[in-house]
Amino acid sequence: MYISDIDEAVSRIAAAPFVADEFPFDFIAAYDAPPATITRIRNGTQNASDIDGGVLWRQKLHLLVCDAGQINEALARLLGSRATATQKAKFLLATDGVEVAAHDIDAEDTIFFPFSELGNRFGFFLPLAGYSRYKAADDNPIDVKAANRLRRLYDALIAENPEWEGDAKRHAMNLFMTRIIFCMFAEDTGIIPEHLFARTIHDHGGHAGEEMVHVLTSIFTAMSIREGERGDMPRWATDFPWVNGGLFAGDIEVPRFSRTAFRTLTEAAGLRWNEINADIFGSMIQVIVDPAHRHETGMHYTSVPNILKVLDPLFLDELRTEASRPALADNSREKARLKALLTRLSKIRVFDPACGSGNFLVIAYQELRKIERQVLDRLRAITGHAPGIWSHIELHNFYGIEISDFAAETAKLSLWIAKFQMDRAHRDMFGSAPPSLPLTDSGNIHNGNALAQDWLGACPAPISVNHRQKMPNLATAVDAHGTEEVIDGEVETYIVGNPPYIGARKMNDVQKAEMRTVAQGYTNKWTNIDYVGGWFIRAMQYSETVPNVCFAFVATNSLCQGQQVPTLWPILLENSLAIRFAHRSFKWINNAPKKAGVICVVVGMDRVHGGARTLFDGNLRQEVSTINAYLLPLPNIYIDERTAALCELPPMDFGNMPLDNGNLLIEPAEIEDFQSDPVASTFVRPIVGSKEAIRSIDRYCLWIEDDRIAQALAIPEIDRRIEATRVFRAGSPRPQTRSKARTPYKFGEIRQRNADHIIVVPSASSERRPYLPVLYMPGETIVSNLAFMMFDAPLWTISLIASRMHLLWIEAVCGKLKTDYRYSNTLGWYTFPVPSMSQADYKRLESCAENILLARAEVGGSIAEQYDPNNMHQLLIDAHTANDEAVESLYSGRGFRSDGDRLGHLFRRYAKLTADERGQEVDPEFALGMEGAA
DNA sequence: TATCCGACATGAG
DNA sequence: CTCATGTCGGATA
């Protein structure tokens, strides 16, 4: 939908019923003057994919085009009045030179960037899918062009040097490539001659030579003349007489250049390299030169908004606030304040122990430099002249650990590029650029495995010294400019990053061994902890040694759910760490064509107690007094698995697991054959898992009692299926499965019991559903391992499970499948705190349950249809409302104000009920209400 | 193409 | 003997 008139757009949106998934616009583009391309698209004369690479349109995003000057008003009206907690609308907000207030674009999926970069951002990811197909847009996506040319260069070099394919050779090639890229970049910025060659100039008696690319070009030209022959050409980069600013130090071998490679290099050198986006460029280079990982690198590249979810609340927001605080009336005091802020900025260290190609570090560096410029500018306004000082934010205070050697090289490169770009901005603002350090002083990026080492090796603790000297970094001493002593306590270290996520049960042996090393001594249940949890533990250890450490990582949300919570979080929270801020579950999003299907959280921790804590949930932001491991604004409490109910609840069993490779299950197309046979039909039973229960699907399985084996085997089709099951089980690497091969005629795990009726709770259910599904089924039904079952349980259990209270508990305490509810008997049912009930209470709940079942029968259809959140029948709504009232009246005479209130009550009750076994008094904080809870 | 569940068996208690 | 788990995976609307 394209609407250029903002008033019309707003009124249309206002008139539309606000349903999250039907929000009419995903993409708001603002133009000062709509470019011709948009007009052509609107008129249908240009294929939309030509300007955006097809990404947007493949996702069926809708476009609202409005005038740039109106974007703020439009957003205020759209978001201000309509934003709700459930809003999931995606705003790909593109503006050109228009400032948009941050609060307006706080929506979960918002991506915010200047329109001129639109092509870049989308174009950049197309290379991951096959960027040769990419057609450059009018907006000149320089990153993509650069990527294309570098890839061609790289491929040409590989083709010319087939022996470079080995690991070591490949690494040499990668080193060479990153240096080449830097040469092109630096040459373009014009900074190279006086700084990069400083040493060379000295060594060669003032013979600075020409700009680096010219030097290289001439050499390559000579090489290309002797195509394929090395002859007497330099073999090592260190042999280049002028190329010796440290950039080509070490044993970097020079690959042979073909004419094609040479031509590609000169083409690439012709681009405007200083317009490259340093933040994403690192990922791009990595993708280009590392074809084996093109796919996954793209998938796992952390988008800028997600990086800022970590950096902003951790330290940038605070610094920005400080930098833009209204001036003190007294000029000299204001000057002192600003200078103190500059000093503070110079003493900040950022450390990413899973830095990849350095995106977090680059963004952090850029943002700090921006803040510094702002402060310097204010200082200039007071003193009336240019500050006369260079940037005090030094690359060597940016630390990283990266397991891939090439990514580590790329991270250094990206930091150089970021520095040059920031220096240029500095020069534009203040007329002169800070001096460049020798290039060897890049970020402190260590190539290694972060979990396998003590982080102090990669990012040493700051120490104080008395003498003045120029120091390579804060870790070993003082102010980088040697003018000031650095006192321990003043150095701030922020650990950030997006470590790899590998499920606790999905690690390979090496990774498991790492986790054991990291977690041993804290818990013996470390096998339950996701790989990313290891980073939290390492960060904790680091913060025990180094003062002023705060850290925040992006992680899978499973870290804050289910089993992992009582295992991992006590380690952290009982070692005097506290959660300073957190982003609750959000979908992983970047612009890669194939996104990782993962749900993330961001958790930031510190050792400062008290003070405000910030909890982000979608586009909601809450200041709270405490955040627990479930990322709820409640005191710490861990819900441990139980094997029997805490309260008086009937047992609930895990369903029956076929372990059959599908052979014991009968598909709908096959059921006819069985049912038409009077003998075979006696071996068939209906089976339900989550899907069957929720969508009312009929499905069947073979169910053969021990005493009827012979009879069953006499039927050829059944015999065939049993044999297939046996073969399958016998071939398993798991001893337990192999032993089941002896009884291939029955399910691998059987917990079914004879019963009159079974209450079935599907294990997975959509998060959109307002209540958990729970069904009353006849006793002959077999329940699969995708559901839980209670045999002949009283009806009032349905009332409890179907209540809002229970849903909230399950959501908070159990694991998740993506963001959907995942039921668990041990984590959710047996732990569910229920008040003691009278006979009258039971009766009342039973009648509520009956009413729900009756309403369902009346409404008809499947659970999925009945509980469609957009279309729930009033009868059913009423039945559930009455049920909720009945259940909640058991807990509280005066009812609850909000879900936060309900959840707080449940946690409080749980804490009380388990106080004895936990050997603790009831946490006094639980006496507080749940004010402020979401 | 997004949503909604499912399998699938593994590992660990 | 039990059951949570998945930088998942498939099916389907």
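Labels below follow one simple rule: chain letters A, B, ... track the order of the sequence lines, proteins then strands, and each chain is numbered from 1.
- Across the interface with DNA chain B, nearest-nucleotide mapping of A:M657 and A:D820 shows A:D820 to be the residue nearer the 5′ end.
- Residues A:D706 and A:K746 are paired through a salt bridge, judged by an N-O separation under 4.0 Å between the basic side chain and the carboxylate.
- Side-chain N/O atoms of A:N528 include none lying less than 4.0 angstrom from OP1 or OP2 on C:dT5.
- Heavy atoms of A:S558 sit under 4.0 angstrom from primed sugar atoms or phosphate atoms, though from no base atom.
- Between B:dA12, C:dA4, B:dA7, one nucleotide has an atom nearer to the side chain of A:R822 than all others, and that is B:dA7.
- Counting non-hydrogen atoms under 4.0 angstrom, A:T643 reaches nothing in the nucleic acid.
- When rounded to the nearest whole Å, the span between CG of A:L559 and P of C:dG6 equals 10 Å.
- Within the 4.5 Å cutoff, side-chain heavy atoms of A:Q563 are placed close to those of A:E641.
- For residues 722-748 of chain A, proximity to DNA chain C is found at A:R734, A:Q736, defined as any non-hydrogen atom under 4.0 angstrom from a strand atom.
- Considering only side-chain N and O atoms, A:R751 lies under 4.0 angstrom from the phosphate OP1 or OP2 of C:dT2.
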ring-ring contact (aromatic ring centres under 6.0 Å, His included), that's the test. Do A:Y823 and A:H806 meet it? Break it down for me. CA-CA 11 Å; A:Y823 203 86; A:H806 196 55; 5.6 Å; yes
Could you write out DNA chain C as dot-bracket? Rules: Watson-Crick or G-U wobble, both distances under 3.5 Å, brackets [ ] for crossings, | for pairs with another strand, dot for unpaired. ||||||.||||||
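- When heavy atoms are screened at a 4.0 angstrom cut-off, A:I694 is found touching the sugar-phosphate backbone but no base atom.
- When each of A:E749 and A:R695 is assigned the nucleotide of DNA chain B bearing its nearest heavy atom, the one mapping closer to the 5' terminus is A:R695.
- Regarding contacts with the backbone of C:dA4, a side-chain N or O of A:N825 is found under 4.0 angstrom from either OP1 or OP2.
- Checking B:dA12, C:dC3, B:dA9 against the side-chain heavy atoms of A:T826 singles out C:dC3 as nearest.
- No engagement by A:Y821 is indicated, since no non-hydrogen atom pair under 4.0 Å with the nucleic acid exists.
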